[in-house]
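Everything quoted here is computed from the prediction, not taken from an experiment.
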Amino acid sequence: MEGFLPTAVICLVLLMIVVFSVRSYLKKLKSGCCGAGGDEVKRVRPADRDASHYSYARLVRIEGMHCQNCARRVENAFNSQEGFYAKVDLAKKTALVRTKVPVSDQQLKQVVRRLGYSPVAVEPA
């Protein structure tokens, strides 16, 4: 009987972990991966959608995007700024960011960080 109590405590802890994991998974199924409540994030379009008007282009590699809502949030963050035009490729976890004026890599990373995602690298496009 001495070995029963520690075993019972371990089993109880494991059971609690499983219960919380299942609840979290069910919440994600119901609300979307980002807690978006199943609502799609509305796309923000830049004022100028002609890519030839943008002289500078950078490819931002981003970790932490899991769904189309994540990708749209990143696009919207860039596209809502004057002189920016962004397209996100969720499968490649990248954002092609075009700008009319030079922008530093740090500025691009900061936009991504403010959204809660991790900018891994900024490369020439």
Side-chain angles (χ1 to χ4, degrees):
M1 274 301 207
E2 286 181 27
F4 176 74
L5 187 58
T7 303
V9 170
I10 290 172
C11 288
L12 182 62
V13 169
L14 289 173
L15 179 65
M16 289 175 59
I17 290 171
V18 168
V19 167
F20 285 116
S21 297
V22 169
R23 286 181 61 193
S24 174
Y25 179 72
L26 291 174
K27 180 181 176 189
K28 286 180 182 181
L29 286 178
K30 180 180 174 186
S31 304
C33 78
C34 303
D39 297 331
E40 274 193 38
V41 174
K42 301 268 189 227
R43 183 181 303 260
V44 173
R45 301 234 185 242
D48 181 3
R49 287 187 264 167
D50 186 346
S52 68
H53 294 166
Y54 297 85
S55 303
Y56 305 93
R58 306 292 283 166
L59 191 68
V60 183
R61 298 200 178 280
I62 303 168
E63 288 296 324
M65 296 187 300
H66 301 289
C67 68
Q68 196 57 45
N69 282 338
C70 295
R72 190 141 311 138
R73 281 185 188 95
V74 173
E75 277 184 9
N76 288 348
F78 286 112
N79 290 342
S80 62
Q81 298 182 56
E82 185 65 34
F84 282 76
Y85 184 22
K87 285 286 197 183
V88 171
D89 185 331
L90 184 59
K92 293 181 181 177
K93 297 183 184 270
T94 59
L96 174 60
V97 182
R98 299 178 187 277
T99 61
K100 292 184 176 184
V101 297
V103 177
S104 74
D105 293 355
Q106 289 306 317
Q107 286 175 292
L108 297 174
K109 288 179 178 181
Q110 189 60 35
V111 170
V112 173
R113 274 191 205 103
R114 270 190 244 123
L115 296 170
Y117 304 108
S118 301
V120 177
V122 179
E123 306 164 355

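Evaluation of the salt bridge (Lys or Arg N to Asp or Glu O under 4.0 Å) test over residues 43-55, restricted to residues two or more places apart or in two chains, returns Arg43-Glu75, Asp48-Lys100. Within the structure, salt bridge (Lys or Arg N to Asp or Glu O under 4.0 Å) contacts touching residues 103-125 (residues at least two apart or in different chains) are Arg58-Asp105, Arg61-Glu123. For residues 77-94, there are no salt bridge (Lys or Arg N to Asp or Glu O under 4.0 Å) pairs, not counting sequence neighbours.
Taking both residues in full, the closest heavy atoms of Gly83 and Tyr54 are given as O-CE2, 3.5 Å, listed atom of the first, atom of the second, then distance. The heavy-atom pair separating Val74 from Ile62 by the smallest distance is CG1-CD1, 3.8 Å. Contact between Asn79 and Ala86 at its shortest, heavy atoms only, is OD1-N, 2.6 Å. Among all heavy-atom pairs drawn from Val120 and Glu63, the shortest one is CG2-CG, 3.3 Å. Closest approach of Gly64 and Cys70 over heavy atoms only: O-SG, 4.4 Å.
At least one side-chain heavy atom of Arg73 sits less than 4.5 Å from a side-chain heavy atom of Tyr117.
With sequence neighbours left out, the side-chain hydrogen bond (donor to acceptor under 3.5 Å, both in side chains) criterion links Gln68 to no other residue. Residues passing the salt bridge (charged side-chain N to carboxylate O under 4.0 Å, His left out) test with Arg98, sequence neighbours excluded: none. In this structure Leu14 satisfies the side chain to side chain contact (heavy atoms under 4.5 Å, CB included) test together with Ile10, sequence neighbours excluded.
Under the side-chain contact (heavy atoms from CB on, under 4.5 Å) rule, Phe78 has a single partner from Val111, Val88, Thr99, Val44, which is Val111.
Val97 and Met65 fall within the same hydrophobic cluster, defined by Ile, Leu, Val, Met, Phe, Trp and Tyr side-chain heavy atoms under 4.5 Å apart, directly or through other members. Under the 4.5 Å side-chain heavy-atom criterion for grouping Ile, Leu, Val, Met, Phe, Trp and Tyr, Val103 is not connected to Leu96 through any hydrophobic cluster.
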